Every structure is written in structure tokens, then in C-alpha cells.
Amino acid sequence: MAEQELPIMERNRCNCAALRKASRHMTLFYDAALEPSGLRSTQFAMLTEIHRRGDAAPSIGDLAEALVMDQSTIGQNLRPLQRDGLVTLERDEADRRSRQIKLTRAGRSRLADARPLWLAAQEKFENGFGKRAAAELRNLLAEIAGDPSLVPERAESHHQKA
């Protein structure tokens, strides 16, 4: 049987590939901006989310859900933050099986040092892309990230177990 020739797909037709390319590009942009702080963009996002919660320290599962990441990836990204003394993982008094992630004084200080770098990157992007377009893009991306119809069944059951 002869191999059937596949039609050529038009450039940038795949939504997933386009999002991944943009994501890699933006990650490089923000990582470069944050480099003087010693943080990568993912670490900055994690520290920001932990800080945003104040005294309601998140569990690994809470942080994974908020950042739309799996728990093992959160754990891998927490290790260097913990090693550098920026976060601590403490047993949750209400649920001894769960650990709460807390910012240390050094973590708050590093986040404070990184914030102006992030703000400068944010401003540079918005000045080039347009403030309104950037806000619209964030809203669209938040809709995609929160759309339950885009979560495969096996991932849904995994999220329910977590």
C-alpha cells in the first residue's frame, strides 16, 4: 500500500504550537529581565502567588492549581527556592498530610528586589505591544487557562484526586 501524501498545513495553523512559541519567547524575555535578581520567571510567579495569599499559605496542590501546573513540576521548582532559603515547607496543622509553602524573610526580600525588574519588563512589553492589546491578551489567555472543556478526561480525574 502506497503511503498517502499528507496535505501541507498552513503556517501557524496549530493553536498549541503558536501558544508554545509565544510562551517560550515571553519566558526568555522575562527570564532575561529577572536575571539580576537570580530568579527565573517561573520562580517569580511562584513567589508572587505565595506572597499574594498572605497568611493563608498555599499547599503544593493549591499552588499547582493557581499556576495551572502539575504538582510534581511545582515540587521541582520549589526545591531550589527551598535550598536558597526563600521558602519553607511546613506541615499543615489542619491536615498533617499536606505541607504549606511559606515565604521566608529572604524570600520576601528577593521578591521585592525582583519586582522592579518584572515591572520594567511588563512596561517594555506593554509599550511595544500596546497596553490595551496586552490586557486583552491576558484576558484571552486566562479564559483558555480556565476553560474546563479543554481539560482532557484523564487530567480532570487527576486534578480531582489531587
Side-chain angles (χ1 to χ4, degrees), residues 16 18-95 97-148 150-151 155-156 158-162:
C16 183
L19 279 167
R20 290 179 62 85
K21 286 177 192 177
S23 176
R24 285 191 295 271
H25 192 74
M26 291 300 290
T27 298
L28 291 171
F29 174 73
Y30 278 88
D31 281 351
L34 290 167
E35 189 173 14
S37 74
L39 294 174
R40 298 181 58 89
S41 56
T42 304
Q43 294 169 324
F44 179 82
M46 291 173 72
L47 293 176
T48 298
E49 181 63 25
I50 296 164
H51 181 262
R52 187 184 70 71
R53 291 172 180 248
D55 291 335
S59 67
I60 291 174
D62 294 335
L63 195 56
E65 186 176 326
L67 297 176
V68 191
M69 298 170 77
D70 61 69
Q71 290 187 29
S72 63
T73 302
I74 292 290
Q76 290 170 345
N77 282 285
L78 281 174
R79 279 193 273 287
L81 297 175
Q82 194 175 14
R83 178 197 66 220
D84 294 345
L86 305 180
V87 298
T88 60
L89 272 67
E90 301 173 10
R91 292 264 178 238
D92 185 343
E93 293 302 319
D95 180 358
R97 298 168 298 165
S98 182
R99 294 182 296 167
Q100 294 180 311
I101 308 160
K102 296 185 178 180
L103 277 182
T104 63
R105 179 175 285 151
R108 284 189 296 281
S109 176
R110 181 80 63 93
L111 187 57
D113 291 344
R115 184 134 170 94
L117 301 170
W118 176 85
L119 284 168
Q122 192 80 348
E123 186 174 332
K124 183 176 180 181
F125 175 76
E126 290 183 354
N127 287 340
F129 193 69
K131 289 188 185 304
R132 182 181 207 155
E136 290 171 0
L137 176 64
R138 284 191 306 275
N139 288 334
L140 282 170
L141 293 172
E143 282 183 44
I144 292 169
D147 187 340
L150 298 175
V151 178
E156 280 179 358
H158 174 73
H159 285 297
Q160 290 170 354
K161 290 178 190 171

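Fair warning: this is a prediction, and the values are worked out from it, not measured in the lab. Throughout, numbering of the chain's residues begins at 1 and tracks the sequence.
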Could you list the residues that satisfy side chain to side chain donor-acceptor pair (under 3.5 Å) with S59, not counting sequence neighbours?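 D62.
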
Report the distance from atom [atom1] of [X] to atom [atom2] of [Y], rounding to the nearest 0.5 Å.
X	Y	atom1	atom2	value
E136	L140	CD	CG	7.5 Å
R20	T27	CZ	OG1	10.5 Å
R108	L47	CZ	CG	11.0 Å
K124	N127	NZ	CG	10.5 Å
I50	L81	CD1	CG	7.0 Å
L19	K21	CG	NZ	11.0 Å

Verdict with reasoning, Q43 to L34, per side chain to side chain contact (heavy atoms under 4.5 Å, CB included): CA-CA 10 Å; Q43 294 169 324; L34 290 167; over 6 Å; no

Around [X], counting heavy atoms of other residues, nucleotides and ligands shown, do more than 12 lie under 6.0 Å from its [atom1]?
X	atom1	answer
K131	NZ	yes
Q122	CD	yes
E126	CD	yes
R138	CZ	yes

Indicate the atoms forming the closest heavy-atom contact of [X] with [Y], along with that distance.
X	Y	value
P36	A32	CD-O, 4.0 Å
R110	S37	CD-O, 2.9 Å
A134	F129	N-CD2, 3.7 Å
L117	A33	CB-O, 3.5 Å
Q100	A57	NE2-O, 3.7 Å

Could you check whether the rings of W118 and F44 sit parallel, tilted or perpendicular, using 30° and 60° as the cut-offs?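 Ring orientation, 0 to 90° scale: parallel.
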
Heavy-atom side-chain proximity of [X] to [Y] below 4.5 angstrom:
X	Y	value
M46	I101	no
T42	L67	no
P58	E49	no
I60	L89	yes

Hey, is the main chain of [Y] close enough, under 3.5 Å, to the side chain of [X] for a donor-acceptor pair?
X	Y	value
D31	R40	no
S109	R105	no
D147	E143	no

Candidates L103, L39, L111 - the one meeting side chain to side chain contact (heavy atoms under 4.5 Å, CB included) with L86: L39

Can you run down the side-chain hydrogen bond (donor to acceptor under 3.5 Å, both in side chains) pairs that involve residues 79-88, sequence neighbours left out, and say none if there aren't any?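 Passing the test, one end in residues 79-88: T88-E90.
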
